[in-house]
Amino acid sequence: MSTDNSTAGNAPKTTNFIHQIIEDDLNSSNPPAKIVTRFPPEPNGYLHIGHAKSICLNFGTAEKYNGVCNLRFDDTNPEKESQEYIDAIKKDISWLGFEWHEEVKYTSSYFQQLYLWAVHLIEQGNAYICDLDSEQARTYRGDFTTPGKNSPYRDRSVTENLALFARMKDGEFAEGSCSLRAKIDMKSSNMNLRDPMLYRILNVDHHQTGDKWCIYPIYDFAHGQSDALEGITHSICTLEFEGHRPLYEWFIENLPVPATPRQYEFSRLEINYTVTSKRKLKQLVDEKMVSGWDDPRMPTISGMRRRGFTAAAIRRFCEMVGVTRSNGVVDVGMLESAVRDDLEQNARRAMCVVDPLKVTISNFAEDNTQMLSLAVHPKLPMGDRELPFSRNLWIEKQDFSEDTSLGRKKFKRLVIGDYVRLRGAYVIKADSVIKDDSGEVVEILASLVPDTVGANPPAEFKPRGVIHWVSADHAVPCELHIYDRLFTDAAPDKHKEKSFLELINPDSLRVIERAWAEPSLKNAQVEMGYQFERTGYFVADAQSSAAKLVFNQTLPLRESKAK
RNA sequence: UGGGGUAUCGCCAAGCGGUAAGGCAACGGGUUUUGAUCUCGUCAUGCGGAGGUUCGAAUCCUCCUACCCCAGCCA
C-alpha cells in the first residue's frame with residue numbers, strides 16, 4: 001500500500017455554532033442520550049446544492065456525535081408532491097454517501113396522531129374552527145403595523161368546534177370554506193402567532209395516504225410534532241423559519257408530545273451565477289430552458305452528478321463554506337475548486353482531440369503501429385493504458401501556429417522548424433504544412449526524433465512544450481458537451497425589472513459532434529470521470545454507450561494566463 | 001412601517017476582553033513529458049459607522065447605518 005487518494009473520511013472535521021450548541025448540551029446536567037437530527041425535504045422537486053449543505057449538516061452532525069439522522073419526507077401538501085420526487089431525493093442522498101436511520105419516515109404517517117393532537121388543542125380551548133375564507137382571514141390578520149382582529153368564530157364552544165372538526169375531516173365542507181386555527185394572539189408582533197392555521201381542507205389524494213384524508217395539516221402544526229415523535233433532539237432548519245420558532249415551541253408546550261426537540265436555524269446556501277430555489281429550478285425544467293432536473297447545467301444534485309461532480313467534492317465544498325447565521329453568496333469558483341481538487345487526485349487520464357488537425361509523421365512507416373504504454377494516473381498506481389502510435393495523427397488545431405516568431409515561452413506548442421513533445425510518445429519536428437484552396441492549414445508534415453519515447457532528446461532538439469494527440473488510424477469518435485454557467489449574471493434572480501429566465505447564458509451548452517478519443521476511452525462507463533489531458537475533466541454522459549460515446553465536460557482545467 | 005435576524009480581506013469564514021486563523025480568488029518565484037498538479041512567497045495598524053468602559057476591545061455598553069426574513073388555506 002502506498003500513500004494514495006484520501007478523499008475519504010466522512011465525519012466532518014469542521015465545527016460550527018450548531019456543534020457548539022450540541023457540545024454544550026452534551027456537557028449539560030441533563031444531556032441527551034443520543035443526538036438525533038433529521039433531513040426533512042418536501043417531495044415537490046429535486047434536491048439542489050443548497051439541500052446538499054443541509055444534508056451534510058444534518059447527517060454529518062449526527063455522524064460526528066455518534067447519533068442518527070432520519071430522512072423524513074415533509075409531505076403535507078399533496079397538491080405539489082409526487083413519488084417521482086421521493087425516489088429522486090432518496091437516490092441523491094444515498095449517492096452523496098449518507099445513510100438515514102431506520103426506514104424512510106413520512107410526516108403523512110403521523111396524520112392520525114396529528115389529528116388527535118388537533119382535537120386535544122380544541123379540547124383545551126386552544127384551537128377553533130374558523131369560517132373565514134382566505135381573503136377575509138388576511139384582512140383580519142392585520143399587517144406589520146396594525147394588530148389583527150379576532151375572528152368572529154374565535155369563541156365557538158369546544159363542543160361545537162369538536163363537531164365541526166369531525167365534519168371537516170369527514171369531507172362535509174368545501175375546500176376553503178373553513179379551517180382549524182390555533183387560538184394564540186391576534187395582536188402579536190409576530191405574525192406567525194396571529195391565530196395560525198393548523199388544518200385546511202384539500203380534496204386531493206395523497207401520494208402516500210391515498211384518499212384517506214381530505215384535511216391536511218399545515219407545516220407549522222406538523223413539523224415540530226413530527227420531530228417530537230421521532231425523538232429529534234436538534235431540529236436544524238434555515239433562517240426563514242426563525243419567526244416560526246415561537247410557534248414551534250408553543251405546540252411542544254401545549255401538546256402531550258413525547259419529547260422536546262429544539263429548533264436551530266442557519267443561513268441557506270447561495271451561489272453566484274445560479275439559482276437555488278426549487279421553484280425557479282422547476283420553472284427552468286417546465287419551460288424547457290434545460291433538458292430536465294438532471295441537466296448538467298443545473299445546480300441540482302442529479303445535475304451535478306451528470307456533470308461529473310463527485311459526491312466527495314460536494315461534501316468537501318459544504319465543509320468549505322461553513323455554517324453560520326449570516327447571509328452570503330458563495331463564489332461558484334469555490335465549488336469548482338473543490339471539484340477540480342477531487343478530480344485532479346482521482347480521475348483517470350486520457351487524451352482526446354477536440355478540434356483535429358492532421359499530422360503526418362513522414363519518417364514513420366505507413367503500415368506500422370507502435371503500442372505505447374501510459375500511466376492511467378501520473379501519481380497514483382492506477383495501472384497503465386495502451387496507446388497506439390502511427391504515421392497519421394490528430395493534434396489540436398490550437399496547438400499549431402504558422403507564426404514562427406512566437407517565443408518558446410510564449411507559445412509552448414508546434415511551429416514550423418521547431419520541436420514539441422507528443423505526450424507519452426516522441427518528440428517531433430514540424431517540417432512543412434499543406435494548405436487548402438482557401439489558405440487554411442489542413443495538414444502538417446512532421447518527423448519524429450528517434451529514441452525519444454520516455455527519454456529526453458539532445459539539447460538541440462529540446463521541445464517547446466508537450467501537446468496531446470491521438471492516432472488517426474485508431475482513435476474513436478465521440479461527442480462532447482461543453483458547458484458554461486447557466487446564467488450570464490452573477491445574481492440572476494435579484495433583478496427587480498428582469499426575470500432570471502432572461503439572463504440565461506445562450507452559450508451554456510456547446511456540442512462538439514465529433515472529437516477523437518484515444519481507444520481506451522471506449523471503456524468509459526457512465527459517471528466515470530476522466531481528465532482529458534490539457535483540456536479538462538470529462539465524464540461519460542448518462543446516455544453514452546459503446547456505440548456512441550458522449551462525454552460531458554465537468555470543468556475545464558485551470559488555466560494560468562498566457563494562452 | 002411593528003417584530004425577528006445579520007454585519008471581520010474581492011468571496012466564504014475563524015475569533016467568545018489580551019493585541020486579526022484558514023479556504024477560494026488574485027499577484028509574484030520554483031518544479032514539471034498536462035501552460036494542469038505540486039511548491040515557495042505576497043495579500044485586513046484593520047474587524048459596518050460614531051462615541052464610551054478598560055492598562056488593553058472585532059470581542060463589553062450606547063447611539064446610528066446597511067442588508068435579510070415575516071402580512072400563503074406553501075414549506
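These figures come from a predicted structure and were not determined experimentally. Numbered from 1 within each chain, the chains take letters A, B, ... in sequence-line order.
Closest to the Met191(A) side chain, of the nucleotides rU34(B), rC70(B), rA75(B), is rC70(B). You'll find that the side chain of Ser337(A) is closest to rC24(B), out of rA71(B), rA7(B), rC24(B). Proximity note for Ser326(A) (side chain, C-beta onward) versus rC38(B), rA7(B), rG23(B): the nearest is rA7(B). Proximity note for Lys412(A) (side chain, C-beta onward) versus rG23(B), rG35(B), rG5(B): the nearest is rG35(B). You'll find that the side chain of Val466(A) is closest to rG35(B), out of rG2(B), rG35(B), rU6(B).
For rA75(B), its base sits under 3.5 Å from the side chain of His244(A) at one donor and acceptor pair at least. Remark: the Arg413(A) side chain and the rG35(B) base include a donor-acceptor N/O pair separated by less than 3.5 Å. Judged by atom type and distance alone, Arg534(A) does not reach the base of rU34(B) through any side-chain donor-acceptor pair under 3.5 Å.
Remark: the Gln531(A) side chain and the Glu533(A) side chain contain no N/O donor-acceptor pair separated by less than 3.5 Å.
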Requested in this report: Check step by step if salt bridge (charged side-chain N to carboxylate O under 4.0 Å, His left out) holds for Arg156(A) and Asp131(A).
Outcome: CA-CA 11 Å; Arg156(A) 288 215 256 227; Asp131(A) 294 356; 2.6 Å; yes
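Judged by Watson-Crick or G-U wobble contacts below 3.5 Å, the nucleotide rA26(B) has rU42(B) as its partner. The partner of rC67(B) is rG5(B), by the rule that a Watson-Crick or G-U pair needs both atom distances under 3.5 Å. The base-pairing partner of rU19(B), taking Watson-Crick or G-U wobble contacts with both distances under 3.5 Å, does not exist among the strands shown.
Nearest-nucleotide assignment on RNA chain B puts the 5′-proximal partner with Asp331(A), out of Asp331(A) and Phe241(A). Map Arg349(A) and Val329(A) each onto its nearest nucleotide of RNA chain B; the residue landing nearer the 5' end is Val329(A).
Ring pair Phe389(A)/Trp469(A) is perpendicular by interplanar angle, where above 60° counts as perpendicular and below 30° as parallel. Ring geometry, Trp293(A) versus Tyr85(A): the interplanar angle exceeds 60°, so the pair is classed perpendicular (tilted spans 30 to 60°).
The residue Arg421(A) sits close to a base: some heavy atom pair falls under 4.0 Å. At the heavy-atom level, Arg423(A) lies under 4.0 Å from base atoms of the strands shown.
Distance, Met334(A) CE to rG23(B) P: 12 Å, rounded to whole Å.
Rounded to the nearest 0.5 Å, atoms CZ (Arg325(A)) and CD (Glu242(A)) are 4.0 Å apart.
An aromatic stack links Phe144(A) and the base of rC70(B), using centre distance under 5.5 Å and interplanar angle under 30°.
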